[in-house]
Structures are given as structure tokens and as C-alpha cells.
Amino acid sequence: MRLSRLPLNTLKEVPADAEVVSHQLMLRAGLIRKLAAGLFTWMPLGLKVLRKVEAIVREEMDRAGAFELLMPAVQPAELWRESGRWDVYGDLLLRIRDRHDREFCFGPTHEEVITDIARRELKSYRQLPVSYYQIQTKFRDEIRPRFGVMRAREFLMKDAYSFHLDQASLEATYQRMAEAYARIFTRLGLRFRAVEADSGEIGGARSQEFHVLAESGEDAIAWCEHDDFAANVELAPALPPPGPRPAPTAELTRVATPGARSIDEVSELLGVPPSRCLKTLLVQASDGGCVALVLRGDHELNPLKAERLPQVAAPLALATAEQVQAATGCEPGFLGPVGLQLPLIADHAAAAGADFVCGANEVDAHYTGFNWGRDAPEPETADLRNIVAGDPSPLGGGPVSIARGIEVGHIFQLGDKYSRALQATVLDRDGREVPMIMGCYGIGVSRIVAAAIEQNHDEQGIIWPEPMCPLEVMLVVLNPKKSESVTAAAERLYEDLSRAGIEVLMDDRDARPGVKFADADLVGLPHRLTLGQRGLDAGVVEYRERRSGAEEQVPIDAVVDFIRQRLERTA
RNA sequence: CGGGGCAUGGCGCAGUCUGGUAGCGCAUCUGCUUUGGGAGCAGAGGGUCGGCGGUUCGAAUCCGUCUGCCCCGACCA
């Protein structure tokens with residue numbers, strides 16, 4: 001590919017509305033262009049990357065025994081009504097009508113369609129297990145598309161679905177998929193981690209997420225380096241502190257705390273660390289009233305854990321200021337367990353300490369020296385908080401660390417949720433009709449591209465992991481217009497490399513060297529060759545590795561072999 | 001959805017408060033010089049200021065309305 005022919009418009013300036021590096025670099029390097037919110041065109045170089053990711057995903061899915069098919073992007077509403085999701089999926093679902101006023105949606109996922117396929121095609125347990133997959137454009141009408149291709153509305157996804165007679169068979173395939181996923185992300189050259197996860201909207205039992213580790217990740221994941229524990233913070237259990245609760249040493253004392261509503265303000269005012277404070281949150285109860293949830297000041301409420309409590313309404317919602325006033329006679333900011341006439345659940349850690357600071361249920365007042373059992377009844381306790389760095393691993397291996405990750409894959413054991421709803425049954429050995437057991441397995445193909453850049457870039461631009469580089473070698477030709485011998489040598493080199501099956505992007509533009517070097521760094525091909533008059537006269541071209549910046553003079557006749565070796569070495 | 005902000009050449013922005021008929025940098029085109037890390041000089045093209053309506057002698061600037069885009073959003077109890 002010749003840069004003199006490819007209209008590649010790189011941007012020197014950072015586009016105003018791109019906040020994360022991957023988005024900025026993809027725009028600057030001309031990989032994508034935005035059409036509208038959450039909608040992007042993949043430009044030639046960007047598309048090459050996408051295709052390479054696809055190819056690896058495809059190979060590994062084939063190897064895992066799944067069969068590729070391609071389902072329609074547009075799906076009839078009836079199918080979604082059958083599964084019950086037409087009404088529950090909400091605004092994320094892009095609904096459309098055809099000329100006959102029939103309702104459709106642009107598929108955000110394909111459980112309904114594949115289950116419909118399965119119920120038509122699969123009749124006997126003898127056909128099971130079977131797995132299908134597709135690589136397809138999905139549309140989810142995200143509230144707030146952002147970060148470019150990372151959270152776009154239209155995106156490319158690989159989704160796979162497996163069908164089984166029983167749970168044991170599902171688990172075997174699930175395991176196989178988990179292994180395929182690990183191979184995919186390893187082959188792509190990404191640092192990633194598989195974590196236990198919440199199954200969310202899709203439903204079902206077990207699920208695992210695959211995260212590419214990156215500072216800008218939207219998810220927090222907890223993991224332990226001494227055992228196998230790794231889970232999304234949403235789901236990671238926070239163990240109760242060991243040992244007995246310390247004995248009270250302080251008397252319950254009311255102190256004036258004018259205007260100090262937040263833990264930080266109270267902690268600052270009284271000179272007490274947040275971990276010695278209690279925060280009392282009122283949330284909507286399942287019976288229509290309110291429930292008080294008590295956490296240590298330095299801990300955060302975990303909504304998923306709270307929601308799971310029978311007393312708490314799902315989805316979790318904080319009580320309104322009016323409800324707080326009605327239930328306590330007090331304003332938010334000064335609530336506490338003392339004399340509170342509401343059901344109360346304390347987080348294990350909040351229940352395990354002594355001599356706390358807490359709100360006095362009176363505006364501008366707190367208590368110090370609060371102790372459970374003495375100043376308020378012993379609370380019901382539960383795991384309510386997010387795990388934090390340093391907490392013990394639930395598997396007992398030691399303290400956990402918290403890392404940030406970008407979710408690029410998610411696998412679920414669905415069970416019979418969809419097969420039951422859509423009556424996708426097979427006959428078992430005994431001739432009985434039973435719903436199939438399903439698994440589903442997604443990979444965000446387009447998101448992987450952004451995630452890879454988040455993880456692999458520097459000040460100058462992108463540094464492609466070799467398995468997903470748009471092309472392998474950037475051949476920078478210096479001042480081609482000035483020297484016919486340079487042009488001729490470049491053409492020869494380009495031919496030789498191409499014939500050897502090496503993907504070359506030749507920068508034969510009539511541009512200044514500085515421009516070419518800057519673009520080469522920005523676009524980030526892993527290997528760069530520079531051919532100029534000076535080198536040519538000495539019979540060498542200059543090689544530079546994008547990632548390390550290491551340079552080497554290579555005799556011009558040895559270049560093809562040299563590059564071939566480089567590619568093999570990193571393959 | 002709630003709150004905030006922005007829409008001015010391809011991109012990034014100034015001009016708007018205090019109406020007088022649009023400007024800067026980058027990019028693009030031409031010429032000369034230059035040529036190993038985003039060149040210099042000279043010249044050129046390109047916008048009617050998101051749409052619609054209003055006020056006014058006159059609107060990018062004021063008013064209304066619509067549209068699009070961006071940012072933030074339980075963790076405060």
C-alpha cells in the first residue's frame with residue numbers, strides 16, 4: 001500500500017471532543033471518522049485492524065468447535081415479545097417500523113434469533129451440544145455514547161451461543177469457551193484478566209468477564225496475586241473482619257457539627273478518620289417504605305449487593321429528601337443508628353467496630369463514641385460494600401489489589417431462560433420434550449481495537465501489538481522526488497517485501513522527512529524502514545522498532561530476511 | 001431522564017456582553033527556496049456564522065423556537 005495513493009489525513013491537533021487517548025489517537029491517525037453520536041466509519045487502516053482482530057477471533061471460535069453463521073441485524077418485535085424482553089429492554093433497544101407499520105428492532109444482541117433458529121433446527125438430543133457464532137454489527141442506543149469506539153452505539157461484536165441437553169454439557173462448553181477467550185486475548189498480545197462477574201440483563205447463572213487492563217477502564221476489578229481470585233468489584237465479596245469487636249471505650253457524646261453533612265466534612269471537623277465514622281443511607285424498601293443501610297465512612301455502597309437483600313427494593317434507589325424527612329424528621333447528612341425507627345442493616349465492617357462517629361438524627365449534630373448494642377440495638381449485618389484494595393481475598397490467599405479494566409469479553413451460562421420462553425425443546429433419550437440449556441459468549445471486536453490502543457501507546461502515537469497491526473512495515477522513503485536512485489531502490493524494496501508476503505505501507509509522498517516520521521510514529525506500525533540517499537550510498541536502510549525505538553543499519557540486500565526474522569520472532 | 005455547556009471554512013479557536021455585514025492557527029492549492037524528526041517566503045481558494053421565525057435601517061452578535069453535539073450525574077446521608 002502506498003501512502004501517495006491512500007488519502008490519509010492525520011491530525012496534528014487533538015480533536016476537541018475526544019477525551020480518552022484511544023479515541024484521540026484513532027481520530028488523529030485516521031483510523032475512524034465520526035458520523036454521528038456513537039456512529040463511526042472505519043477508514044482503510046482502521047478497518048485492517050478490525051479485520052485482523054476478527055480473523056483471530058474467528059480462528060479460535062472455529063477451533064473451539066463453534067459454527068459461524070450470520071443472523072439479520074434487524075429483528076421482529078414478536079420474537080422479543082416472546083422472550084419478554086420487548087418491554088424490559090427499555091430505551092437501549094432501537095425500535096423501528098417498516099412500511100406496513102410492523103415493529104422491529106435493530107439487534108443489540110441475538111439470543112432471541114438464535115433460539116428461534118435452534119427451536120426450528122434442533123429436534124433431538126443427538127444433535128447436541130452445538131455452538132453457533134457470528135461476527136455482526138449490533139446497535140445499542142446508549143444513554144451516553146463516549147470514548148469513541150469504546151462505547152459506541154453501533155459496534156462490531158462476536159456473539160456465540162451454545163445449546164445443550166444438560167448442565168454438565170453446558171459447563172464443558174463454557175469451559176472450552178473460556179479457554180478460547182484466553183487464547184484470543186493472548187494471541188492479540190493484550191494484557192488481560194478473566195474475572196467473575198454479574199450476569200446483568202442477559203440473565204442466567206454463572207458468568208465471567210474478560211478485561212483488558214488499562215488505567216482508563218470503566219470497570220474496577222479485584223484480584224489477588226496469591227490465589228486465583230479475580231472478580232468484578234460489583235460482585236467481589238467483602239469478608240467480615242476477623243476477630244471479636246473491640247470493647248467500647250468512649251461514652252456516647254453529642255457534638256455540634258454545623259453544616260457538616262458529608263463524611264469528609266465530619267471527619268475533617270472532628271479530626272476523626274473516615275474509617276471511624278458511620279454513614280447511614282436510606283434506600284427504598286421493597287415494602288414501599290425505607291431501609292437504613294449503615295456503612296463505614298471509608299467504604300462505598302455496592303448497589304448490586306444491596307439490591308439482593310429482600311428488604312431492599314430493586315433496582316436500588318436512594319430515598320428522596322422528603323422521604324428522609326418523613327421517616328426521620330431529619331435532613332440527609334445527619335442520619336445515624338441512634339433511636340432510628342426504621343429497619344436497619346449494617347455492613348459487616350460497620351458492625352464490627354467500636355467508638356464510631358455517626359449522625360445524631362438532628363440537623364447540625366453528630367455523636368461520637370457510638371457503640372452497637374449499647375447505643376443502638378445489635379444490627380442485622382450483611383455484605384453491603386465494595387471490596388477495597390487490601391481487603392482479604394475471599395479465597396484466603398492474601399490481600400486483594402484493585403485494577404481497572406475494559407470489558408472486552410463476557411461469557412454466560414444462560415440456562416433455559418430463553419429456550420423455555422421460546423419453547424426451544426428437544427426430545428431426550430426417553431422421548432420427553434425438554435428445553436435446551438444455553439450458554440452465550442460475547443466479544444466486543446471493535447472495542448478491542450480501542451482497548452489495545454489504551455494499553456499500547458506513547459506520546460508519539462499508537463504502538464500496535466503485532467498481531468493486530470494494520471500493516472507490518474512502514475517504509476519511509478526520504479525525498480523520493482529528489483533522487484531517482486532512491487525512488488528506484490524504494491520501489492525494488494517495496495516489491496521484494498511484498499513478494500515475501502510482508503505487509504508494507506510505503507510512504508512515497510512528496511513530503512518532508514519530519515512529517516513522515518511523525519506520521520509513522522502516530523500510525524504506529526511495529527516496524528519502520530527508512531531509505532534515503534545517505535543510506536543508499538552506503539548500501540543500507542535504517543530499521544527502527546516502534547515499541548523500543550531501537551535502531552539498526554541493515555544492508556539493503558538483507559532487509560527482506562531481516563524483517564522476516566523480526567516478524568517470526570514476535571509471532 | 002436530570003443538570004451544565006457548545007454549535008463561526010476540513011480541524012482547533014477568536015469575534016457575541018457593548019448590533020454596522022467575519023478573523024487567526026493548522027490543513028488545502030500555486031510558485032520559489034528548502035529537504036534525516038511536523039520548513040521559510042510570496043500568493044490563492046474556501047465560511048453567511050446549526051435550522052426556522054422575530055426585533056432592527058442593519059443581526060454571527062438581541063429575543064423565541066427547533067435540531068445536533070459535548071460534559072457531569074446514588075456513594076450525600
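Below, chain A is the first sequence line, B the second, and so on; all start at residue 1.
- Pairing for A59(B) is absent, with no Watson-Crick or G-U wobble pair whose two atom distances lie under 3.5 Å.
- When both pairing distances are held under 3.5 Å, G38(B) makes no Watson-Crick or G-U pair with any nucleotide shown.
- Straight-line distance from the CG atom of Leu316(A) to the P atom of G73(B): 17 Å, rounded to whole Å.
- Within the nucleic acid shown, Gly535(A) comes within 4.0 Å of at least one base atom, counting heavy atoms only.
- Atom-to-atom, CG of Asn9(A) to C1' of C26(B) comes out at 12 Å; the value is rounded to the nearest Å.
- Under the 6.0 Å cut-off for aromatic ring centres, Trp223(A) and Phe229(A) do not qualify, their centroids lying 6.0 Å or more apart.
- Evaluated for a side-chain contact (heavy atoms from CB on, under 4.5 Å) with Phe517(A), the options Asp507(A), Leu478(A), Leu522(A) yield exactly one hit, Leu478(A).
- Remark: the separation of the C1' atoms in U65(B) and U18(B) is 26 Å, to the nearest Å.
- If you take atom P in G51(B) and the same atom in C57(B), they sit 24 Å apart, rounded to whole Å.
- Look at the P atom in both G50(B) and C17(B): the space between them is 15 Å, to the nearest Å.
- What separates CZ of Arg534(A) from P of G37(B) is a distance of 9 Å, to the nearest Å.
- Across all strands, Arg33(A) comes closer than 4.0 Å to no nucleic acid atom at all (heavy-atom distances).
- Atom-to-atom, NZ of Lys34(A) to P of G10(B) comes out at 16 Å; the value is rounded to the nearest Å.
- Classification of Glu542(A) and Arg528(A) as a salt-bridged pair holds, one side-chain N sitting under 4.0 Å from a carboxylate O.
- Glu466(A) pairs with exactly one of Arg546(A), His527(A), Arg547(A) by the side-chain hydrogen bond (donor to acceptor under 3.5 Å, both in side chains) rule, that one being His527(A).
- When the P atom is used for both A27(B) and G38(B), the distance is 13 Å, rounded to whole Å.
- With hydrogens and angles disregarded, no donor-acceptor distance shorter than 3.5 Å links the side chain of Glu380(A) to the backbone of Ile345(A).
- Here the C1' atom of nucleotide G36(B) and the CG atom of Leu529(A) are 15 Å apart, to the nearest Å.
- One atom, CD of Gln24(A), and another, C1' of C70(B), lie 14 Å apart when rounded to the nearest Å.
- Which of C72(B), G37(B), U35(B) sits closest to the side chain of Glu19(A) comes down to C72(B).
- For the salt bridge (Lys or Arg N to Asp or Glu O under 4.0 Å) test, no residue two or more places apart in sequence or in another chain qualifies with Asp219(A).
- Within 4.0 Å (heavy atoms only), Leu295(A) reaches no atom of the nucleic acid at all.
- Nucleic acid contact class of Ser262(A) (heavy atoms, under 4.0 Å, all strands): sugar-phosphate only.
- For the C1' atoms, the distance linking C1(B) with U8(B) amounts to 31 Å, nearest Å.
- Of the candidates G36(B), C26(B), U35(B), C26(B) carries the atom nearest the Glu13(A) side chain, counting heavy atoms from C-beta on.
- The nucleotide C6(B) finds its pairing partner in G68(B), both defining distances of the Watson-Crick or G-U wobble pair being shorter than 3.5 Å.
- The local environment of CD in Glu215(A) is sparse, with at most 12 non-hydrogen atoms from other residues, nucleotides or ligands closer than 6.0 Å.
- Nucleotide U18(B): unpaired (no Watson-Crick or G-U wobble partner with both distances less than 3.5 Å).
- Among the nucleotides G37(B), G36(B), C72(B), the one closest to any side-chain atom of Arg146(A) is C72(B).
- Note on Gly532(A): a base of the nucleic acid sits closer than 4.0 angstrom, heavy atoms only.
- With rounding to the nearest 0.5 angstrom, the CG atom of Leu335(A) is 11.0 Å from the CG atom of Leu344(A).
- Comparing G47(B) with C11(B), their P atoms sit 14 Å apart, to the nearest whole Å.
- A donor-acceptor pair is defined here as one N or O able to donate and one able to accept, closer than 3.5 Å; such a pair exists between the side chain of Asn361(A) and the backbone of Val338(A).
- Pairing for C24(B) is with G12(B), a Watson-Crick or G-U wobble pair whose two hydrogen-bonding atom distances lie under 3.5 Å.
- For Leu478(A) and Leu278(A), each mapped to the nucleotide of RNA chain B holding its nearest heavy atom, the one lying further toward the 5' end belongs to Leu478(A).
- Here Leu335(A) lies in heavy-atom contact (under 4.0 Å) with sugar-phosphate atoms only.
- Rounded to an integer number of Å, the gap from CD of Glu551(A) to P of G37(B) is 11 Å.
- Side-chain proximity of Ala37(A) to C70(B), C13(B), G36(B): nearest is C70(B).
- In a base pair of the Watson-Crick type (N1 to N3 plus N6-O4 or O6-N4) or a G-U wobble (N1-O2 and O6-N3), with each distance short of 3.5 Å, G47(B) is matched with no nucleotide.
- Between U28(B) and G20(B), the two P atoms lie 34 Å apart (nearest whole Å).
- Straight-line distance from the CG atom of Leu8(A) to the C1' atom of A27(B): 13 Å, rounded to whole Å.
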Would you mind building the protein contact string for nucleotides 38-47 of chain B? One character per nucleotide, 5' to 3', B for base within reach (heavy atoms under 4.0 Å), S for sugar-phosphate only, - for untouched.
BB--------
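- In this structure a side-chain-to-backbone donor-acceptor pair under 3.5 Å is missing from Arg28(A) to Pro15(A).
- Between the side chain of Asp521(A) and the base of G37(B), a donor-acceptor pair under 3.5 Å is found.
- If you take atom P in C49(B) and the same atom in G10(B), they sit 14 Å apart, rounded to whole Å.
- Ala319(A) comes within 4.0 angstrom of a nucleotide base, judged by non-hydrogen atoms across all strands.
- Along RNA chain B, the nucleotide nearest to His299(A) and the one nearest to Arg528(A) differ in position, and the one closer to the 5' end is contacted by Arg528(A).
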